[in-house]
2 protein chains.
Amino acid sequence: METLGRHLVVELYACDATRLDDVAAVEAALLEATRAVGATVVGHAFHRYAPQGVTGVVLISESHLSVHTWPESGYAAVDVFTCGGLDPRPAVAVLGRAFAAGEARVQEVVRGLAPEVEAGAKLLPDDVVLSSRLERWML
Amino acid sequence: METLGRHLVVELYACDATRLDDVAAVEAALLEATRAVGATVVGHAFHRYAPQGVTGVVLISESHLSVHTWPESGYAAVDVFTCGGLDPRPAVAVLGRAFAAGEARVQEVVRGLAPEVEAGAKLLPDDVVLSSRLERWML
């Protein structure tokens, strides 16, 4: 199986604190994000902290999606890592809307064996860079 | 709670295929890596694919560690994301040894609210960059 993967490292800022602190809502959002990229779920784990904050991951056949929230700061750290040719970007839009994010910063990292990354680069969208870059995506 | 986090995006190459395909060994290695960084486990999920490959995550109070393996390619995609002032680097050494990796590529991404990242940068080791960079770490 090809190792080429796309990993979005996502910071969601100015989110709704109530939504970030609701473990059921965070789990539902992560599962909706998983469906949005067309991935297959093989496992998941979620946890709510006291006094606040939620952490969770969905393992997919094509890698994983994770989220860690700081309701008191309106901040969620999100990772969407897909292989198998899936586009991870729809998941970011789903999570941004679910948490009512005011701003997002997204960095993409292309992963895998070096020869497959080089060969696969031709198949990636124009906005993917092979090294990495920081940019701001307004939702 | 401070949002400043350190996220190591790690590619382990030329690993031992048998170790990468053993779900119990991968889980044990990830838990050992978690102990090496001094983190507190709050959840975990692991899955073995047919015909081969293992995927897994350990949720920690300080974010997460994940691994996805391609035994046929000797490749493991590893993430070590820590907040709360924990140094994620010992986990990479543990996993590199556990999988008998011949080579590793590590990229660090500093995460969190922009003002905390700026302020926290003074406390980070000299080898941490605030944007990101690709480099090779020989194990």
Side-chain angles (χ1 to χ4, degrees), chain A residues 1-5 7 9-11 13-14 41-49 51-79 81 83 103 105 107-117 130-134 136, chain B residues 1-5 7 9-11 13-14 41-49 51-79 81 83 103 105 107-117 130-134 136:
Chain A
M1 188 179 173
E2 195 178 64
T3 62
L4 178 67
H7 184 166
V9 177
V10 183
E11 314 289 68
Y13 298 123
V41 176
V42 298
H44 59 91
F46 286 85
H47 181 78
R48 185 176 184 279
Y49 298 107
Q52 59 189 346
V54 169
T55 195
V57 68
V58 175
L59 287 177
I60 56 177
S61 292
E62 306 81 2
S63 298
H64 72 264
L65 291 84
S66 69
V67 62
H68 310 294
T69 76
W70 282 255
E72 71 277 26
S73 300
Y75 166 62
V78 170
D79 288 81
F81 179 8
C83 56
E103 193 177 356
R105 192 179 72 186
Q107 174 176 3
E108 178 146 9
V109 183
V110 179
R111 306 186 66 163
L113 295 178
E116 292 185 15
V117 169
L130 281 189
S131 54
S132 61
R133 60 180 177 179
L134 288 167
R136 290 175 177 276
Chain B
M1 186 177 173
E2 195 178 64
T3 62
L4 179 67
H7 184 166
V9 177
V10 182
E11 312 290 67
Y13 298 123
V41 176
V42 298
H44 61 89
F46 286 86
H47 180 78
R48 184 177 184 279
Y49 298 108
Q52 59 189 346
V54 169
T55 196
V57 66
V58 175
L59 288 177
I60 56 178
S61 291
E62 305 83 1
S63 297
H64 72 265
L65 292 84
S66 69
V67 62
H68 310 295
T69 76
W70 283 255
E72 70 277 25
S73 301
Y75 166 63
V78 170
D79 287 83
F81 179 9
C83 57
E103 193 177 357
R105 194 179 71 187
Q107 175 177 2
E108 178 146 8
V109 183
V110 180
R111 306 186 65 164
L113 295 178
E116 293 185 16
V117 168
L130 280 189
S131 54
S132 61
R133 61 180 176 178
L134 288 168
R136 289 175 177 277

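Proteins come first, then strands; the chains are lettered A, B, ... in the order of their sequence lines, and each starts at number 1. Note that the structure is predicted; figures quoted are calculated from it, not measured.
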Can you find a heavy atom in the side chain of I60(A) that is under 4.5 Å from one in the side chain of L65(A)? yes
Please say whether the positively charged group of R105(A), taken as NZ for Lys or CZ for Arg, lies over the ring of Y13(A), i.e. under 6.0 angstrom from the six-membered ring centre and within 45 degrees of the axis. no
Report which part of [X] has an atom under 4.5 Å of a heavy atom belonging to chain A: side chain, backbone, both, or neither.
| X | answer |
| --- | --- |
| H7(B) | side chain |
| F81(B) | side chain |
| V58(B) | neither |

Per-residue contact mode, L59(A) against chain B (heavy atom under 4.5 angstrom): side chain
Separation between CD of E116(A) and OG of S73(B), rounded to the nearest 0.5 Å: 5.5 Å
OG1-NE2 distance between T55(A) and H68(A), expressed to the nearest 0.5 angstrom: 4.5 Å
Identify which of S66(B), A45(B), C83(B), S63(B) forms the greatest number of heavy-atom pairs closer than 4.5 Å to chain A. S63(B)
Under 30°, 30 to 60°, or over 60°: which ring-plane class applies to Y49(B) and H47(B), parallel, tilted or perpendicular? perpendicular
